[in-house]
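To start, the structure itself, in structure tokens.
Every number for a ligand or one of its atoms is a count from 1 in the order of the listing.
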Amino acid sequence: MKYSSNLFFFSFLLIIITTIANIRATTGDSPHHHLEKNEVSEYYSRPTKLFVFGDSYADTGNLRKSLASSWKQPYGLTFPGKPAGRFSDGRVLTDYFAKFFGLKSPIAYTLMKMGGNNNNKVRNGMNFAFGGSGVFDASGNSSPNMSTQIDFFKKLIMIKINESNTIYTKRDLKSSVVLVTLVGNDYAAYTARPDATAQGLRSFIPLVVNQLAANLKRIKEMGACKIVVTALQPLGCLPQMTQLSSFKQCNATQNLVVNYHNLLLQQAVSKLNNETKHIHHSIFILDLFDSFTTVLNQKGDYQGDLKFETPLKPCCMGISRGYSCGSVDGNGTKMYTVCSDPKSSFFWDALHPTQAGWRAVYMVLKSSLEQFFKFY
Ligand SMILES: *[C@@H]1O[C@H](CO)[C@@H](O)[C@H](O)[C@H]1NC(C)=O
Ligand SMILES: *[C@@H]1O[C@H](CO)[C@@H](O)[C@H](O)[C@H]1NC(C)=O
Ligand SMILES: *[C@@H]1O[C@H](CO)[C@@H](O)[C@H](O)[C@H]1NC(C)=O
Ligand SMILES: *[C@@H]1O[C@H](CO)[C@@H](O)[C@H](O)[C@H]1NC(C)=O
Ligand SMILES: *[C@@H]1O[C@H](CO)[C@@H](O)[C@H](O)[C@H]1NC(C)=O
């Protein structure tokens with residue numbers, strides 16, 4: 001989850017990027033695709049479960065307490081009122097995404113106790129996302145990578161709760177929606193390497209996207225019909241980066257790297273969607289780049305209920321270098337400050353939005369989700 005701030009200057013990317021005008025992530029499938037009569041009801045029925053894979057933008061409590069700032073004060077201040085494993089003052093992307101489908105936010109995998117009556121708890125699906133994870137093993141942390149998260153899920157499909165039933169069936173997966181987040185931990189791990197170079201990063205980006213595409217394909221082959229995957233948010237706008245400019249401006253150079261990732265992701269997803277002709281099976285890109293940028297430029301949400309006066313400045317931060325939101329010294333003294341009203345900040349800490357930030361992002365994403373998921 002740490003982004004190194006010294007390694008994103010790549011003039012070669014300028015050359016690539018100038019050839020790519022405005023990248024808008026879209027699905028490869030046309031919404032006006034012809035539907036067979038018997039397909040209609042399934043395509044338009046609401047998903048009954050949500051399964052989630054990914055990182056801290058989606059984690060709702062999987063990362064172990066001893067490892068995670070998300071289980072420390074002042075995380076969770078707004079919701080649920082105490083630290084509970086979300087990397088925010090309150091709700092995160094998963095919660096708003098579930099809401100879109102009329103589902104409760106699914107239970108975090110590690111918080112589910114095996115045995116006993118779990119029917120109610122697992123009914124809305126399950127969240128396998130771990131803060132700090134990537135598609136590869138991020139150095140210096142023990143979060144299970146995305147492949148391992150998918151393995152956890154695969155095991156659950158096979159575990160029998162009694163002679164005839166498993167916790168989840170293939171049929172459940174067919175009527176589910178899957179959310180996959182990947183917000184930059186692989187790149188943070190790469191740039192933290194002592195041997196990291198600009199050239200090396202350039203060759204690493206396609207490897208990350210290819211592994212992500214392989215994971216999406218695997219989820220699809222397990223039977224998931226609707227998969228939503230995040231495009232990278234503007235990394236150059238995260239407080240960790242903008243503190244160099246006293247939170248005044250995004251680092252445009254770093255955002256070019258992000259655009260390259262997002263372009264490759266778009267190509268990979270188009271290819272996957274093209275491979276499956278079946279209308280039921282499709283992958284949709286959730287454009288966190290566009291939605292973050294829109295909210296940051298507007299300095300608030302659509303309706304104007306929320307105003308983020310200094311949108312690049314986080315609500316919670318360490319009192320000096322070496323401390324971050326949630327840091328305490330040996331005597332337990334707080335080494336961070338929290339703004340008086342988290343609703344007035346887009347960012348919560350150096351990397352993650354506040355609940356109000358996520359809500360504003362969700363309002364932007366909602367219309368594209370509505371175009372992709374048409375319900376009765
Ligand atoms: C943007 O990031 C690059 C690499 O981290 C750095 O060299 C450059 O100084 C930054 N630019 C600004 C305006 O902060
Ligand atoms: C994911 O983690 C597992 C377990 O540590 C490891 O065996 C596997 O190679 C990793 N996968 C990738 C793509 O890095
Ligand atoms: C197995 O569990 C399911 C779900 O709880 C239940 O509906 C079913 O009746 C059970 N079957 C047997 C044979 O116990
Ligand atoms: C889609 O697949 C067909 C053949 O299956 C191929 O001819 C076409 O180029 C593909 N399009 C894209 C965008 O990959
Ligand atoms: C803890 O408090 C004591 C007494 O005020 C002080 O001497 C000591 O330096 C503090 N330790 C830390 C780690 O701040």
Side-chain angles (χ1 to χ4, degrees), residues 2-14 17 53-55 62-64 67 109-110 128-155 180 182 184-193 196-219 229 232-261 268 296 312-313 318-320 322-323 326-336 350-351:
K2 292 195 181 77
Y3 298 102
S4 158
S5 56
N6 57 4
L7 220 150
F8 280 86
F9 193 79
F10 310 114
S11 48
F12 68 88
L13 274 175
L14 284 166
I17 297 304
F53 304 96
D55 47 35
N62 278 318
L63 194 59
R64 265 189 297 146
L67 297 171
Y109 169 69
T110 59
F128 297 88
F130 283 75
S133 79
V135 290
F136 298 116
D137 292 317
S139 62
N141 81 49
S142 56
S143 300
N145 62 36
M146 201 184 283
S147 314
T148 305
Q149 294 173 20
I150 300 168
D151 292 340
F152 291 157
F153 179 49
K154 197 164 182 189
K155 278 190 199 125
V180 176
L182 191 73
N185 291 309
D186 294 290
Y187 299 127
Y190 179 82
T191 54
R193 277 162 51 169
T197 61
Q199 186 64 31
L201 181 62
R202 184 176 71 151
S203 354
F204 186 53
I205 294 173
L207 298 184
V208 170
V209 174
N210 286 347
Q211 182 59 46
L212 175 58
N215 294 345
L216 295 173
K217 193 169 180 180
R218 191 169 158 220
I219 295 168
V229 59
L232 266 187
Q233 75 283 20
L235 294 178
C237 299
L238 299 182
Q240 178 129 329
M241 305 299 185
T242 62
Q243 65 184 351
L244 292 169
S245 68
S246 308
F247 309 113
K248 295 242 165 36
Q249 59 191 36
C250 299
N251 189 312
T253 315
Q254 292 170 353
N255 285 345
L256 291 180
V257 176
V258 171
N259 285 349
Y260 182 44
H261 169 102
L296 292 173
L312 300 178
K313 189 179 175 185
I319 56 165
S320 61
Y323 296 109
S327 291
V328 290
D329 73 3
N331 291 333
T333 309
K334 289 182 201 170
M335 301 308 263
Y336 59 87
L351 302 169

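Not one N or O of T253 is nearer than 3.5 Å to an N or O of ligand 1, by distance alone. Where the criterion is an N or O separation shorter than 3.5 Å, residue side chain and backbone included, N251 meets it with respect to ligand 1.
Inter-residue side-chain proximity for L312 and M241 is flagged as unmet; no heavy-atom pair is nearer than 4.5 Å. Taking the side chain as every heavy atom from C-beta outward, V180 and L212 approach each other to under 4.5 Å. At least one side-chain heavy atom of L232 sits under 4.5 Å from a side-chain heavy atom of Y187. At least one side-chain heavy atom of P206 sits less than 4.5 Å from a side-chain heavy atom of Y260. Here the side chains of N215 and S147 are in contact, with some heavy-atom distance below 4.5 Å.
Shortest contact from atom 13 (C) of ligand 5 to any protein heavy atom: G330 N, 3.7 Å. Nearest to atom 5 (O) of ligand 2 among the protein's heavy atoms is D137 OD2, 4.0 Å. Residue, atom and distance of the protein heavy atom nearest to atom 11 (N) of ligand 2 are N145 ND2, 3.0 Å. When hydrogens are left out, the protein atom nearest atom 6 (C) of ligand 5 is N331 ND2, 4.1 Å; that is the closest non-hydrogen contact.
The presence of a protein heavy atom under 4.0 Å from atom 8 (C) of ligand 5 is confirmed.
Per-residue contacts place T148 under 4.0 angstrom from the following atoms of ligand 2 (heavy atoms of the residue considered): 1 (C), 2 (O), 3 (C), 4 (C). Contact atoms of ligand 2 toward Q211: 13 (C) (distance under 4.0 Å to a heavy atom of the residue). Within the listing of ligand 5, atoms 14 (O) sit less than 4.0 angstrom from a heavy atom of D329. Contact atoms of ligand 2 toward F136: 13 (C), 14 (O) (distance under 4.0 Å to a heavy atom of the residue). Residue-ligand proximity, V135 to ligand 2, at heavy-atom distances under 4.0 Å covers atoms 12 (C), 13 (C), 14 (O).
Annotation: the span from T148 atom OG1 to K154 atom NZ amounts to 13.0 Å, rounded to 0.5 Å. To the nearest 0.5 Å, the span separating CG on N145 from CZ on F130 amounts to 10.5 Å.
Classified by interplanar angle (parallel below 30°, tilted 30° to 60°, perpendicular above 60°), the ring pair Y109/F128 is tilted.
Here M241 has no heavy atoms under 4.0 Å from ligand 1, in either its backbone or its side chain.
For Y323, the OH atom sits in a loose shell: 12 or fewer heavy atoms of surrounding residues, nucleotides or ligands are nearer than 6.0 Å.
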